[in-house]
Number of protein chains: 2
Amino acid sequence: MAAPLEIASSSPRARQALEHAERLCQERGVRLTVLRRRVLEIIWSHARPLGAYAILDVLRDDGRAGAPPTVYRALDFLLEQGLIHRLASLNVFTGCCQPDRRHGGQFLICRDCGQVDELNNTQVECLLNDEADARGFEVLTQMIEVLGRCPNCWQGVTHRAG
Amino acid sequence: MAAPLEIASSSPRARQALEHAERLCQERGVRLTVLRRRVLEIIWSHARPLGAYAILDVLRDDGRAGAPPTVYRALDFLLEQGLIHRLASLNVFTGCCQPDRRHGGQFLICRDCGQVDELNNTQVECLLNDEADARGFEVLTQMIEVLGRCPNCWQGVTHRAG
DNA sequence: GGAGAAATGTTATCCTATTGCTTCTTTAAA
DNA sequence: TTTAAAGAAGCAATAGGATAACATTTCTCC
Ligand SMILES: [Zn+2]
Ligand SMILES: [Zn+2]
Ligand SMILES: [Zn+2]
Ligand SMILES: [Zn+2]
């Protein structure tokens with residue numbers, strides 16, 4: 001798989017996501033510490049989702065001392081605050097596009113390039129909630145991961161093949 | 001979490017699932033070897049999904065020599081044949097209720113007791129496929145995991161609390 | 001029977017995640 | 001302003017999940 005691309009930290013989407021996070025944390029009275037903020041920045045600064053150890057490597061490049069718990073605790077915080085999602089099928093973490101609204105996350109994940117697209121289909125969410133209700137099941141969180149190939153990747157194959 | 005309950009290997013659902021698997025593999029011209037069959041049996045013989053190492057422990061109790069690759073290879077085969085699913089959020093494996101029809105799997109997973117209920121909501125499946133189509137994304141497989149509490153578990157809490 | 005393919009055995013290692021405990025920092029009360 | 005308590009981060013060790021690489025066995029087909 002291709003290595004995750006680094007994006008300028010000051011990219012519009014990263015800056016916007018960080019400002020949004022600052023605001024949310026202030027509203028909620030929770031602390032977006034330097035470390036937590038930096039981990040969020042690292043996640044948003046890459047085109048593809050990163051694993052915990054990849055994030056740790058970046059932290060070490062920063063010069064910061066670090067062991068796995070350092071990054072996992074920051075990730076736990078960001079997950080609790082709904083600022084990031086964990087993609088269980090890949091053991092990676094990706095920034096949430098709608099951190100205001102609590103949700104489990106719906107993702108299109110490209111098997112070939114690792115790129116991720118977050119959906120927000122409330123109809124799907126409701127249908128699943130209905131299914132759960134019908135069985136007396138109390139829903140805490142939904143996670144939907146659709147694995148496949150993004151346009152770039154399958155078009156590349158098509159061109160080569162035909 | 002509660003330990004996974006062992007169920008008699010000859011329980012109706014286990015026996016039925018194994019017969020179904022035998023038939024499918026024969027039709028498909030693939031080999032359901034003794035090991036693969038036994039792993040499938042172990043999975044169906046437990047009330048809750050098992051992790052790979054838990055399955056390995058059972059194999060060892062059988063007296064069979066075994067290392068992780070032993071069980072992972074069998075699991076890979078069963079996954080390829082759609083006879084089991086992997087629940088990525090828990091790193092466990094569970095038997096598929098509809099191995100004829102290829103599908104990623106939709107699950108209600110109880111956070112407290114680990115019990116799993118497989119859904120087969122085609123409307124959800126279609127909606128997600130539509131979302132993917134609209135983005136030019138080629139779907140290979142969908143995985144849906146709804147985490148929450150089963151009736152038994154939240155009713156227990158309700159009784160205790162109120 | 002013999003060649004090639006498929007499956008399994010075996011060992012070592014990698015990747016992911018957590019536990020337990022210590023130290024530092026922040027917060028708020030005295 | 002000191003000080004206690006809580007929260008966050010540092011640190012070392014370890015648990016848990018999965019794979020790589022290679023040897024050996026078993027099966028299939030000629
Ligand atoms: Zn989101
Ligand atoms: Zn792609
Ligand atoms: Zn199924
Ligand atoms: Zn339960």
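FYI, side chains are in, hydrogens and waters are out, and symmetry mates aren't considered; it's all heavy atoms of this structure.
Look at R64(A) and you won't find any side-chain N or O under 4.0 angstrom from OP1 or OP2 of dA9(D). Phosphate contact (OP1/OP2 of dA18(D), side-chain N/O of N91(B), threshold under 4.0 Å): present.
For the residue pair N152(A)/Q115(A), the side-chain donor-acceptor check at 3.5 Å is not satisfied. Q106(B) and N121(B) are not linked by any side-chain donor-acceptor pair at a separation below 3.5 angstrom, with hydrogens and angles left out of the test. Checked by atom type, the side-chain pair E118(A)/H103(A) shows a donor-acceptor distance below 3.5 Å.
Using a 4.5 Å heavy-atom cutoff, the side chains of C150(B) and C113(B) are in contact. Side-chain contact between Q123(B) and V124(A): absent, with no pair of heavy atoms (C-beta onward) separated by less than 4.5 Å. Residues Q81(B) and L32(B) form no side-chain contact, since every pair of their non-hydrogen atoms from C-beta on lies 4.5 Å or further apart. Using a 4.5 Å cut-off on side-chain heavy atoms (C-beta onward), E125(A) and L119(A) make no contact. Using a 4.5 Å cut-off on side-chain heavy atoms (C-beta onward), F93(A) and H85(A) make no contact.
The existence of a salt bridge linking E19(A) and R23(A) is excluded, since no basic side-chain nitrogen approaches an acidic carboxylate oxygen closer than 4.0 Å. Ion pairing between E41(A) and R36(A) fails under the 4.0 Å rule for side-chain N and carboxylate O.
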Letter per nucleotide, 5' to 3', of nucleotides 24-30 of chain D [B base touched, S only sugar-phosphate touched, - untouched; heavy atoms, 4.0 Å]: ---S---

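Residues from residues 68-75 of chain B that place a heavy atom under 4.0 Å from any atom of DNA chain C, listed by number: P69(B), T70(B), R73(B).
Residue L79(B) contributes atom CG, which lies 10 Å from atom P of dT19(D) at whole-angstrom precision. Computed from coordinates, the I55(B) CD1 to dG16(D) C1' distance equals 14 Å when rounded to whole Å. The CG-C1' distance, from L50(B) to dG16(D), rounds to 15 Å in whole Å. Look at CG on L56(B): it is 13 Å from C1' on dG16(D), rounded to the nearest Å.
Position along DNA chain C of the nearest nucleotide to V92(A) versus V30(B) favours V30(B) as the more 5'-ward residue. Annotation: of the two residues near DNA chain D, V34(A) and G51(B), the 5′-most nearest-nucleotide partner is V34(A). Both G66(B) and D76(A) lie near DNA chain C, and the one whose nearest nucleotide falls closer to the 5' end is G66(B).
Across all strands shown, A65(B) has heavy atoms under 4.0 Å from sugar-phosphate atoms exclusively, and none from any base.
No more than 12 heavy-atom neighbours from other residues, nucleotides or ligands sit within 6.0 angstrom of CD on Q16(B).
On the nucleic acid side, DNA chain C has its first and last nucleotide under 4.0 Å of a heavy atom of chain A at dT16(C) to dT26(C), going 5' to 3'.
No hydrogens or angles were tested; on distance alone, nothing pairs the side chain of Y53(B) with the base of dA15(D) as donor and acceptor under 3.5 Å.
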